[in-house]
Amino acid sequence: YELAELYCRRQLAQKDLPSAKRAMLNIELSITLAEKALGAPPSERDELWQQAQQPLASFLEQVGQSPWALEVRLQEALNLLARGELARQEAELTQAGPEALAEARQYLRQAIRRLEELLPAVEQMRRQSAPGSSRPVRPPEDFPPAAHWEAMAETVRYQLARAYRNQAQTYPAQSADRADGLLQAMKLLDWIGQLPAEHPLVGKARVDQVECLRLLGRLEEARQRLAHLGD
């Protein structure tokens, strides 16, 4: 972690970095600190989570109008999702009670809100970068092609489904809130499942669908889907 952090900070100290390079370095620095937080003792996590968001906030403050800011905003949401997922898992394992689950739900709600806000912005960039669109004249490195935004939109949908599923698991079994969250996750996962079979998200989405069905109590349907995962 220390070497990765040092590398990113040294690179970011360079002047006149292209916005794409600066965005990716800030994202990698944030990922490094977030992974460090995931493995740290509880007493050290808050500071590390804050550190993980700092390079992202710094980029958005300096060059927030860059198209690459959307990638940075995605990482902000993923950090919140990872923090909420960890808090939810620990609350379940330790049977910490409703207060711990409420804390996890807080981070997951923030992640969901950011992902929901991000998706239409990414779709707009995809349309603007499509052939024949009247996009602003910018250097290629400052305006990625439509394929980039299409892949990012798929990632946002998958991560949103993951966030919905985690949020649902913070509610009691058989509750309406749990069922609603799982059904929202299933809708997104069904959409991802329609992508070509070789798409890297399809296998993950199918596994997550089985998990959602299990949590919904639809065990026979979960068994059937599980049996056909390799098809």
Side-chain angles (χ1 to χ4, degrees), residues 27-28 31 34-35 37-39 70-71 73-95 100-101 104-105 107-116 118-120 122-123 126 145-231:
I27 289 171
E28 289 300 323
I31 290 172
E35 289 182 350
L38 288 170
L70 296 180
E71 294 273 5
R73 287 169 55 193
L74 174 57
Q75 188 57 45
E76 280 188 324
L78 294 182
N79 286 351
L80 288 165
L81 175 51
R83 188 173 186 177
E85 185 174 55
L86 177 63
R88 191 268 301 169
Q89 291 170 341
E90 290 186 337
E92 289 179 349
L93 288 172
T94 61
Q95 298 182 338
L101 287 171
R105 195 179 304 129
Y107 298 125
L108 294 167
R109 281 176 176 165
Q110 292 179 47
I112 288 171
R113 183 173 66 252
R114 295 194 184 205
L115 290 167
E116 288 178 336
L118 189 58
L119 186 56
V122 174
E123 290 287 6
R126 180 184 62 80
H148 172 91
W149 301 115
E150 184 175 355
M152 186 174 174
E154 292 161 356
T155 297
V156 172
R157 285 187 173 92
Y158 174 75
Q159 296 297 342
L160 186 54
R162 178 181 155 210
Y164 277 134
R165 175 176 57 79
N166 272 278
Q167 185 187 50
Q169 289 176 267
T170 66
Y171 292 106
Q174 312 303 322
S175 67
D177 286 326
R178 174 175 281 218
D180 181 63
L182 292 171
L183 290 173
Q184 290 189 71
M186 283 291 292
K187 288 180 182 178
L188 290 163
L189 294 171
D190 284 339
W191 185 92
I192 295 169
Q194 301 305 311
L195 297 172
E198 64 274 13
H199 193 286
L201 289 177
V202 168
K204 295 179 180 179
R206 289 178 177 174
V207 172
D208 285 359
Q209 283 177 319
V210 172
E211 176 66 5
C212 287
L213 289 168
R214 183 189 70 80
L215 292 168
L216 285 165
R218 293 156 57 176
L219 300 183
E220 183 56 35
E221 189 175 351
R223 290 191 193 98
Q224 292 176 3
R225 294 217 186 191
L226 188 60
H228 293 88
L229 276 181
D231 294 352

Please round to the nearest 0.5 Å and tell me the distance separating atom [atom1] of [X] and atom [atom2] of [Y].
{"X": "Gln167", "Y": "Ile112", "atom1": "CD", "atom2": "CD1", "answer": "3.5 Å"}
{"X": "Glu85", "Y": "Thr170", "atom1": "CD", "atom2": "OG1", "answer": "12.0 Å"}
{"X": "Glu211", "Y": "Leu226", "atom1": "CD", "atom2": "CG", "answer": "11.0 Å"}
{"X": "Leu101", "Y": "Gln95", "atom1": "CG", "atom2": "CD", "answer": "10.5 Å"}
{"X": "Asp180", "Y": "Gln184", "atom1": "CG", "atom2": "CD", "answer": "4.5 Å"}
{"X": "Leu182", "Y": "Arg214", "atom1": "CG", "atom2": "CZ", "answer": "10.0 Å"}

Could you tell me whether the side chain of [Y] reaches within less than 4.5 Å of the side chain of [X], counting heavy atoms only?
{"X": "Tyr164", "Y": "Met186", "result": "no"}
{"X": "Ile192", "Y": "Glu154", "result": "no"}
{"X": "Leu118", "Y": "Met152", "result": "yes"}
{"X": "Leu81", "Y": "Leu108", "result": "yes"}
{"X": "Asp208", "Y": "Tyr158", "result": "yes"}

Side chain Arg218, main chain Leu213, donor-acceptor under 3.5 Å: no
Which atom of [X] lies closest to which atom of [Y], heavy atoms considered:
{"X": "Val210", "Y": "Leu229", "answer": "CG2-CD2, 4.4 Å"}
{"X": "Tyr171", "Y": "Arg109", "answer": "OH-NH2, 3.2 Å"}
{"X": "Cys212", "Y": "Leu189", "answer": "SG-CD1, 4.1 Å"}
{"X": "Leu183", "Y": "Leu216", "answer": "CD2-CD1, 4.1 Å"}
{"X": "Ala185", "Y": "Ala161", "answer": "CB-O, 3.4 Å"}
{"X": "Ala111", "Y": "Ala77", "answer": "CB-O, 3.6 Å"}

Basic-acidic side-chain contact under 4.0 Å: Glu123, Arg157: yes
Using a strict cut-off of less than 4.0 Å between a Lys/Arg side-chain nitrogen and an Asp/Glu carboxylate oxygen, indicate whether Arg73 and Glu76 qualify as a salt bridge. no
Can you confirm whether the side chains of [X] and [Y] place a donor and an acceptor under 3.5 Å from each other?
{"X": "Arg206", "Y": "Gln209", "result": "no"}
{"X": "Gln169", "Y": "Arg165", "result": "yes"}
{"X": "Asn79", "Y": "Gln75", "result": "yes"}

Does atom CD of Glu220 have more than 12 heavy-atom neighbours, drawn from other residues, nucleotides or ligands, at distances under 6.0 Å? yes
